[in-house]
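See structure below.
Order of the sequence lines sets the chain letters (A, B, ...), proteins ahead of strands, with each chain counted from 1. Please read all numbers here as calculations on a predicted model, not as lab measurements.
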Number of protein chains: 2
Amino acid sequence: MSDLLERLRGRGWRVTSQRRVVAEVLDGDHVHLTAEEVHARAAERLPEISRATVYNTLGEMVSLGEVMEVSTDGRAKRYDPNAHHPHQHLVCSACGIIRDVHPSGDPLANLPQEERFGFTVSQVEVTYRGVCAACA
Amino acid sequence: MSDLLERLRGRGWRVTSQRRVVAEVLDGDHVHLTAEEVHARAAERLPEISRATVYNTLGEMVSLGEVMEVSTDGRAKRYDPNAHHPHQHLVCSACGIIRDVHPSGDPLANLPQEERFGFTVSQVEVTYRGVCAACA
DNA sequence: TCCTACGATGGACAGAGTCCAGGTCAAGAA
DNA sequence: TTCTTGACCTGGACTCTGTCCATCGTAGGA
């Protein structure tokens, strides 16, 4: 994730200890964290980091396209650092675990012109739902 | 929507004036309302109806499969009475308007077995995003 | 090393939704 | 029709998620 910090620095970002810690948390193998979870993990390394800073930093990373926002339930948004590799999500309805998946074909191509109602369609999000092996 | 009330009665639902009003509101042509909007419209006809009742009634209709819950932004969930006709959603990123759309093919079929990770996949939600003609 | 504008803080606030104790009423029974 | 009762409704407090803002701190250039 030092890559990420380098890219952000290249975009004029001031690199602070708070931003570094948030970036490191997202770089772990526990992806799809909520903002609250990111804050909790960041606070393990930098106890005085504030919620507002975590929200700001995540929001900035999202608007720079470095992190994806995912909301698979009606609850808290989750943050997915895998933003540079197009993918969709598979969610377990029982335990809520989220996996990145790669459907075949281009989902955008499945929407015929007469179903676009004059929209300029630019993006598709697909969420598959089911029950994972552990919950079944 | 008297159909809906009849189906609910058949499932042992007690038909109260509150539930009737909520069902009538969802039957209007202004679909994809938030719970707050449903409450506001219901209160026009039944001023003393409470927020809790609207939330409860919507939740019950969802769990009975009579209404679909849609969350296209990170904000309030929206309620779609068109639950008996499979469809997906097209959302304008500018004004937030939501249209029901019908992609070709079966979106479930696009997820290969090796991308299912042992899940029993039963459902797909597809959200197309773009800019509508009025906002372009 | 010093400056200063950008960033962090924390506490108040807002929006969406849930919970609960107590009062009300739909619908079946008599 | 009236009675009975358990399902339903109410209003208000509460939780969770996220935003805002005034003030303070500091990264990084001069």
Side-chain angles (χ1 to χ4, degrees), chain A residues 2 4-6 8-25 32-64 66-80 96, chain B residues 2 5-25 32-43 45-64 67-80 96:
Chain A
S2 57
L4 171 54
L5 284 177
E6 282 315 310
L8 294 174
R9 196 195 302 272
R11 299 201 200 200
W13 246 39
R14 188 177 285 186
V15 174
T16 66
S17 55
Q18 290 85 353
R19 287 173 168 181
R20 186 188 313 277
V21 165
V22 170
E24 285 169 5
V25 166
H32 303 123
L33 299 175
T34 65
E36 237 18 272
E37 288 164 350
V38 171
H39 179 234
R41 289 176 190 226
E44 289 171 6
R45 311 189 197 185
L46 194 66
E48 66 278 18
I49 192 172
S50 73
R51 277 187 347 123
T53 296
V54 171
Y55 275 104
N56 287 340
T57 305
L58 290 172
E60 288 155 0
M61 288 178 174
V62 168
S63 61
L64 291 178
E66 298 288 348
V67 167
M68 270 179 62
E69 223 170 48
V70 183
S71 53
T72 53
D73 53 4
R75 322 281 307 179
K77 290 174 192 163
R78 293 177 175 277
Y79 293 88
D80 184 344
Chain B
S2 57
L5 283 176
E6 282 315 312
R7 284 200 301 275
L8 294 174
R9 196 194 303 272
R11 298 200 200 200
W13 247 39
R14 188 177 284 186
V15 175
T16 66
S17 54
Q18 290 85 352
R19 288 173 167 180
R20 186 188 312 277
V21 165
V22 169
E24 285 170 3
V25 165
H32 303 122
L33 299 175
T34 65
E36 237 20 272
E37 288 164 350
V38 172
H39 179 234
R41 290 178 190 224
R45 311 189 197 184
L46 194 66
E48 66 278 19
I49 193 172
S50 73
R51 276 187 349 122
T53 296
V54 171
Y55 275 105
N56 287 341
T57 305
L58 290 172
E60 289 154 1
M61 287 177 175
V62 168
S63 61
L64 291 179
V67 167
M68 271 178 62
E69 222 170 49
V70 183
S71 52
T72 52
D73 53 6
R75 322 281 306 178
K77 291 175 191 161
R78 294 178 173 276
Y79 293 88
D80 183 344

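Computed from coordinates, the A:L8 CG to C:dG7 P distance equals 11 Å when rounded to whole Å. The NE2-C1' distance, from A:H39 to D:dT19, rounds to 15 Å in whole Å. Rounded to a whole Å, the CD atom of B:E36 is 9 Å from the C1' atom of C:dG17. Between the P atom of C:dT9 and the CZ atom of A:R19 lies a distance of 11 Å, rounded to the nearest Å. As rounded to whole Å, 14 Å separates atom P of C:dA16 from atom CG of B:L58. In this structure, B:N56 atom CG and C:dT24 atom P are separated by 19 Å, rounded to whole Å. A straight line from CZ of A:R11 to P of D:dG28 spans 17 Å, rounded to a whole angstrom. Following rounding to the nearest Å, A:Y55 (OH) and C:dA14 (C1') show an atom-to-atom distance of 13 Å.
Picking from D:dT10, D:dG6, D:dG25 the nucleotide with the shortest atom distance to the side chain of A:R14 gives D:dG25. Among the nucleotides D:dG28, D:dC16, C:dT9, the one closest to any side-chain atom of A:E48 is C:dT9.
The residue A:T16 sits close only to the backbone: its heavy atoms come under 4.0 Å of sugar-phosphate atoms, none of a base. Note on B:A76: only backbone sugar-phosphate atoms sit closer than 4.0 angstrom, heavy atoms only; bases stay farther off.
Here A:R41 does not pair with A:E24 in a salt bridge; the nearest charged N to carboxylate O distance is not below 4.0 Å. Ion pairing between a basic and an acidic side chain is recognised when a charged N comes within 4.0 Å of a carboxylate O; A:R11 and A:E60 show no such pairing.
Under the ring-ring contact (aromatic ring centres under 6.0 Å, His included) criterion, B:H39 pairs with no residue, sequence neighbours left out.
Contact annotation: A:Q18 side-chain N/O to D:dG25 OP1/OP2 distance is not under 4.0 Å.
Scanning atom types as modelled, one donor and one acceptor separated by under 3.5 angstrom connect the side chain of B:R51 and the base of C:dG17.
Atoms OG and CD, from A:S17 and A:E48 in turn, are 7.0 Å apart once rounded to the nearest 0.5 Å. Atom OH of B:Y79 sits about 5.5 Å away from atom CG of B:L58, to the nearest 0.5 Å.
Where B:S17 and A:L46 each meet DNA chain C at their nearest nucleotide, the meeting point lying more 5' is that of A:L46. Mapped onto DNA chain D by nearest heavy atom, B:V54 and B:R75 fall at different nucleotides, with B:V54 at the one closer to the 5' end. With DNA chain D read from its 5' end, the first of the two nearest nucleotides for A:V15 and B:W13 is the one closest to B:W13.
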